[in-house]
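Keep in mind that what you see is a predicted model, and the values were worked out from it rather than measured. First the proteins, then the strands, lettered A, B, ... as listed; each starts at 1.
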Protein chains: 2
Amino acid sequence: MSDLSERLREHGLRRTPQRELILAAVDRLGHATPDEVLAEVRTRSEAINISTVYRTLETLEELGLVRHAHLSDRAPTYHSVVDHEHFHLVCRNCHRIVSVGPDVLADVLARLRDEHGFVADVGHLTMFGRCVECAEPEEET
Amino acid sequence: MSDLSERLREHGLRRTPQRELILAAVDRLGHATPDEVLAEVRTRSEAINISTVYRTLETLEELGLVRHAHLSDRAPTYHSVVDHEHFHLVCRNCHRIVSVGPDVLADVLARLRDEHGFVADVGHLTMFGRCVECAEPEEET
DNA sequence: TTCCATGCAAACACTTTGCACCGTG
DNA sequence: CACGGTGCAAAGTGTTTGCATGGAA
């Protein structure tokens with residue numbers, strides 16, 4: 001939390017209970033959509049508003065305290081950045097999420113930088129596919 | 001087009017003018033959102049409905065004729081599969097899109113398969129970041 | 001003639017915004 | 001006590017669905 005106050009102060013923003021509650025909820029949840037964050041906050045304390053959740057998640061992301069990635073075709077999911085940087089594998093069949101450290105991608109990132117002049121942001125990356133347990137996709141229809 | 005009729009027949013689906021128009025539009029556009037596909041179709045022929053566009057893109061994807069990826073935080077973009085398989089780099093600053101062949105990822109895919117039991121779908125992949133021209137993002141923040 | 005496909009409009013899910021009030025600094 | 005933050009409600013996007021009609025096979 002102290003990290004939060006600090007960052008807020010640096011940016012001339014105010015410390016509010018809502019901001020603390022929301023950051024704490026994201027930390028606890030691991031990966032969560034704005035809706036899920038709202039629900040989590042509400043289990044602990046009183047009702048805060050969904051638009052505050054959206055505004056706050058945006059703020060926290062600007063402060064570098066959380067990140068978001070698109071783990072489904074629908075809502076984005078936020079996760080705390082205190083966890084080390086990672087990217088996500090999402091199984092299209094069982095929807096299991098695996099977090100993978102950035103090392104695997106080191107070579108690829110270097111090549112993309114050298115050959116395509118592009119600096120990729122690993123923390124935001126999501127790769128969809130299938131885990132071996134769900135291996136066989138449907139044949140035709 | 002003949003490819004379309006063929007695939008449709010294989011799946012017991014019907015060939016309709018809308019389906020041909022929409023596939024042709026995706027081919028022409030390269031990367032396009034459902035909205036853009038609709039607009040493109042309308043420049044050529046008469047009004048077709050947005051819900052038909054959605055339904056048809058879904059069908060075409062099931063037939064393996066188009067694919068979609070998430071190139072922005074908003075709408076998905078569809079592209080024809082006649083272009084060889086590729087993934088996308090998207091610059092957060094200038095929104096330029098670079099298509100990259102799957103080879104760069106060969107090693108990574110092998111490692112993900114071996115170490116995480118995960119078969120990633122390259123064709124759907126998007127990596128966000130910055131191209132060198134847009135290089136320096138803000139510090140901190 | 002049979003059903004699949006389409007158009008239309010309404011419903012949905014998610015997100016953003018305007019404004020008055022509240023509370024931090 | 002000034003001004004940024006919040007709650008609330010309404011409006012905005014992007015997408016899906018139910019149903020009656022239309023048209024491919």
Side-chain angles (χ1 to χ4, degrees), chain A residues 1-2 4-26 31-42 45-63 65-66 68-78 140-141, chain B residues 1-2 4-26 31-42 45-63 65-66 68-78:
Chain A
M1 289 318 85
S2 61
L4 173 56
S5 322
E6 213 174 288
R7 302 277 186 127
L8 286 170
R9 193 164 319 117
E10 289 169 8
H11 290 255
L13 301 174
R14 295 176 179 171
R15 190 174 57 79
T16 68
Q18 289 89 336
R19 285 174 173 165
E20 293 188 342
L21 288 166
I22 289 170
L23 180 54
V26 172
H31 297 105
T33 62
D35 245 27
E36 291 164 346
V37 170
L38 178 62
E40 172 68 15
V41 169
R42 284 184 171 164
S45 76
E46 267 327 288
I48 72 174
N49 194 275
I50 185 65
S51 47
T52 300
V53 174
Y54 279 102
R55 286 189 279 229
T56 300
L57 288 171
E58 194 181 337
T59 303
L60 294 176
E61 188 152 30
E62 281 161 12
L63 298 182
L65 296 171
V66 305
H68 82 276
H70 298 271
L71 269 39
S72 82
D73 276 2
R74 291 208 162 266
T77 62
Y78 287 80
E140 296 305 286
T141 313
Chain B
M1 290 313 85
S2 62
L4 173 57
S5 322
E6 212 173 289
R7 303 275 186 127
L8 287 170
R9 193 162 320 117
E10 289 170 9
H11 289 255
L13 301 174
R14 294 175 181 173
R15 190 174 59 77
T16 68
Q18 288 89 336
R19 285 174 173 167
E20 294 188 342
L21 288 165
I22 289 170
L23 180 54
V26 171
H31 297 104
T33 62
D35 245 27
E36 291 164 346
V37 170
L38 178 63
E40 171 68 16
V41 169
R42 283 184 172 163
S45 77
E46 266 331 287
I48 72 175
N49 194 274
I50 185 66
S51 49
T52 301
V53 174
Y54 278 101
R55 286 189 279 229
T56 300
L57 288 172
E58 194 182 339
T59 303
L60 294 176
E61 188 152 31
E62 281 162 12
L63 298 181
L65 296 171
V66 305
H68 82 277
H70 298 270
L71 269 39
S72 82
D73 276 1
R74 291 207 161 267
T77 63
Y78 286 80

For atom [atom1] of [X] and atom [atom2] of [N], their distance in whole Å:
{"X": "A:E20", "N": "D:dG5", "atom1": "CD", "atom2": "C1'", "answer": "14 Å"}
{"X": "B:H11", "N": "C:dC3", "atom1": "NE2", "atom2": "C1'", "answer": "19 Å"}
{"X": "A:L4", "N": "C:dT24", "atom1": "CG", "atom2": "C1'", "answer": "14 Å"}
{"X": "A:L57", "N": "C:dC14", "atom1": "CG", "atom2": "P", "answer": "15 Å"}
{"X": "A:I22", "N": "D:dG5", "atom1": "CD1", "atom2": "C1'", "answer": "11 Å"}
{"X": "A:E36", "N": "C:dA13", "atom1": "CD", "atom2": "P", "answer": "15 Å"}
{"X": "A:R9", "N": "C:dT24", "atom1": "CZ", "atom2": "C1'", "answer": "12 Å"}
{"X": "A:L63", "N": "D:dG5", "atom1": "CG", "atom2": "P", "answer": "10 Å"}

Both B:A47 and B:R74 contact DNA chain C. Which one's nearest nucleotide lies toward the 5' end? B:A47
If you look at every strand shown and take non-hydrogen atoms under 4.0 Å, does A:P17 touch a base, only sugar-phosphate, or nothing?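 No contact at all - A:P17 keeps every heavy atom at 4.0 Å or more from the nucleic acid.
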Which part of the nucleic acid does A:I50 contact within heavy-atom distance under 4.0 Å: base, sugar-phosphate only, or nothing? nothing
At under 4.0 Å, does any side-chain N or O of [X] touch on OP1 or OP2 of [N]?
{"X": "A:R55", "N": "D:dT6", "result": "no"}
{"X": "B:Y54", "N": "D:dT16", "result": "no"}
{"X": "B:N49", "N": "C:dT6", "result": "no"}
{"X": "A:Q18", "N": "D:dG7", "result": "yes"}
{"X": "B:S51", "N": "D:dT16", "result": "no"}

Stepwise side-chain contact (heavy atoms from CB on, under 4.5 Å) test for B:L57 and B:V26: CA-CA 9 Å; B:L57 288 172; B:V26 171; 3.8 Å; yes
Hey, does B:E20 have a side-chain heavy atom less than 4.5 Å from the side chain of B:L4?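 Answer yes - side chains close enough.
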When you measure from the side chain of B:R19 to the backbone N and O of B:R14, does any donor-acceptor pair fall under 3.5 Å?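 Present.
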Does B:Q18 use its side chain to pair, donor to acceptor, with the backbone of B:I48 at less than 3.5 Å? no
State whether a side-chain donor-acceptor pair under 3.5 Å links A:T33 with A:D35. no
Start at the 5' end of DNA chain D and walk down; is the nucleotide closest to B:T16 or to B:A75 reached first? B:A75
Under the 3.5 Å rule, do the base of C:dC3 and the side chain of B:R14 count as making a donor-acceptor pair?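 Per atom types, the contact qualifies.
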What's the closest nucleotide to the side chain of B:R19 if the choices are C:dG25, C:dG7, C:dT6? C:dT6
